[in-house]
Every structure is written in C-alpha cells, then in structure tokens.
Amino acid sequence: DMKQILATHHAPSPHWVGDGFPVRSLFSYADRKLPLSPFLLLDYAGPAQFQAGDHRRGVGEHPHRGFETVTIVYDGEVEHRDSSGGGGIIGPGDVQWMTAGGGIVHEEFHSDAFTRRGGQLEMVQLWVDLPATDKLTPARYQAILNAQIPDIALPDEAGRLRLIAGEYDGYQGAAETFSPVQVWD
C-alpha cells in the first residue's frame, strides 16, 4: 500500500534562544499547515562549545500557557526555575517535563557549574499541546533523571530504547503526561 505524502517543508534557519541555546527548529507551530497534533515544536540545540566563564547563558523569565515543554539533555547542564516553585538542574540523559497549564513564568540557563567549566551543550526540546480539557491545569515541573528512565534492549540486538513517556513492550515511561504520547529516545 503506497503512503501519500501530505506535505513537505523546510526547517527554518538556525537561530538563538536567549544567549545560551543555538537551535534549529525541526518543526514548529509557526507552520500551521503541518498536521502534527499534539506536537507544536521540536528544537535541536547544539552541539555547541561554550568557553568557561562567569556569565550564565540562557533565556530569562518568559511565560507559557496551554502546553508542555519536554527538554532532553545529551551534553552539558541546564538549570530551570519557574513561578510554580519548580526547578532543578538536569544533565546528560536527564529530562525536564514542564506543564505550563493555566500559565507559568520560567527561565532556563546553563548551570553555574557548567558555566564555570565550559564544555559542549547538546539538547532537544519538544512542545506538546495540552488537550482542551487540561489547558488550565495547574503548572508543574518534573525532573526525570537518567536513572529513572527505563532503558530497554530492542529485539535482535537492534539497539536500545529509552522510554521517557508512553508504553513499550510492557514497560511504562517515567513521565506523567496529559496527552497520550510516546516519547522514546
């Protein structure tokens, strides 16, 4: 059975988010012709090398509402703080799952330790739209450490799957979600 191509698109040019995250958007809500629901955006940051210093790079306080951001760090460290009292530092293999819900103000910066030592930063951020019934849910923050994420061997030595959200072969992902999504790494 032949599949039909629904659309093709070109990723936007690379750009900076604040002064700490050089990103390439793989897809974005800005291109509303794409049928990606519940996904709104996928940004890939890095790999980028940052020199050691004392100026913390990142993006200052800004609001979100009605969706969730999922940040997966591959290299470096990111520190998050938000108006719900949530926050923490995530490093290689860790995930932060922020539910903006009815509204949140947050900031993300390179951690103090990463700023002082410098190094390579590589991460992705996925935005997941909340179902209409959950748009005004209270904001929350989930720091999911690498050790909490099921790491599953695929059949026939095909590789490994890290199960961040959803279900695979009887295993359950570590994240609590509002949308029934599968997020595998």
Side-chain angles (χ1 to χ4, degrees), residues 17 20-21 23-29 34-46 58-59 61-111 114 121-155 158-185:
V17 175
F21 306 106
V23 303
R24 290 179 292 276
S25 297
L26 302 176
F27 60 81
S28 171
Y29 58 90
L34 295 174
L36 298 171
S37 185
F39 303 113
L40 299 172
L41 173 131
L42 179 60
D43 276 351
Y44 173 69
V59 60
E61 291 184 344
H62 60 283
H64 288 301
R65 185 175 180 181
F67 61 95
E68 300 183 286
T69 65
V70 181
T71 305
I72 305 167
V73 174
Y74 296 108
D75 214 352
E77 287 182 345
V78 176
E79 184 171 355
H80 169 98
R81 185 178 65 85
D82 67 48
S83 58
S84 77
I89 297 172
I90 58 171
D94 299 338
V95 174
Q96 107 186 347
W97 196 293
M98 182 189 78
T99 304
I104 196 168
V105 175
H106 79 121
E107 64 181 22
E108 293 169 297
F109 284 93
H110 298 181
S111 71
F114 182 74
L121 178 75
E122 184 178 15
M123 59 183 249
V124 297
Q125 188 170 84
L126 175 68
W127 290 10
V128 182
D129 200 11
L130 284 168
T133 55
D134 297 312
K135 289 279 191 191
L136 297 179
T137 195
R140 73 175 177 192
Y141 174 84
Q142 299 174 72
I144 305 167
L145 302 180
N146 187 34
Q148 297 171 287
I149 300 170
D151 185 356
I152 305 159
L154 296 174
R160 304 197 65 79
L161 179 145
R162 288 181 355 114
L163 182 56
I164 296 166
E167 186 272 332
Y168 177 82
D169 198 29
Y171 293 91
Q172 187 64 42
E176 293 178 28
T177 69
F178 287 90
S179 298
V181 294
Q182 303 286 334
V183 179
W184 302 349
D185 184 29

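Worth knowing before you read on, the calculation uses all heavy atoms, side chains too, and leaves out hydrogens, waters and symmetry mates. Numbers here simply count residues along the sequence, with the first being 1.
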Closest approach of Gly91 to Val73 (non-hydrogen atoms, all atoms of both residues): O-CB, 3.4 Å
Parallel, tilted or perpendicular: rings of His62 and His106 (30°, 60°): tilted
For Gly103 against Ala139, the heavy-atom pair lying closest together: O-CB, 3.9 Å
Heavy-atom side-chain proximity of Leu126 to Phe27 below 4.5 angstrom: yes
Any His64 side-chain heavy atom under 4.5 Å of Trp127 side chain: yes
Considering all heavy atoms, the nearest Met123-Tyr74 contact: CA-CD1, 4.0 Å
Side chain Glu108, main chain Val78, donor-acceptor under 3.5 Å: no
Approximate separation, where rounding is to 0.5 Å, of Ile89 CD1 and Leu145 CG: 11.5 Å
Side-chain donor/acceptor of Glu107 to backbone N/O of Asp82, under 3.5 Å: no
Donor-acceptor under 3.5 Å (Arg162 side chain, Asp185 main chain): no
Contacts of Asp94 that satisfy side-chain hydrogen bond (donor to acceptor under 3.5 Å, both in side chains) - sequence neighbours left out: none
Within-4.5 Å side-chain heavy-atom neighbours: Leu121 and Phe114: yes
Test side-chain hydrogen bond (donor to acceptor under 3.5 Å, both in side chains) applied to Thr177 - qualifying residues, sequence neighbours left out: none
More than 12 heavy atoms of other groups within 6.0 Å of Arg65 CZ: no
Within-4.5 Å side-chain heavy-atom neighbours: Tyr44 and Val23: no
Side-chain touch Val128/Phe39, heavy atoms, less than 4.5 angstrom: yes
Residue pair Trp184 / Ile152, side-chain heavy-atom distance below 4.5 Å: no
Donor-acceptor under 3.5 Å (Gln182 side chain, Glu167 main chain): yes
side-chain hydrogen bond (donor to acceptor under 3.5 Å, both in side chains) against Gln148, all qualifying residues, sequence neighbours excluded: none
For Val124 against Leu42, the heavy-atom pair lying closest together: CB-CD1, 4.5 Å
Nearest atoms (heavy-atom pairs only) where Ser111 meets Glu77: OG-OE1, 2.5 Å
Nearest non-hydrogen partners of Phe178 and Pro131, listed with the distance: O-CG, 3.9 Å
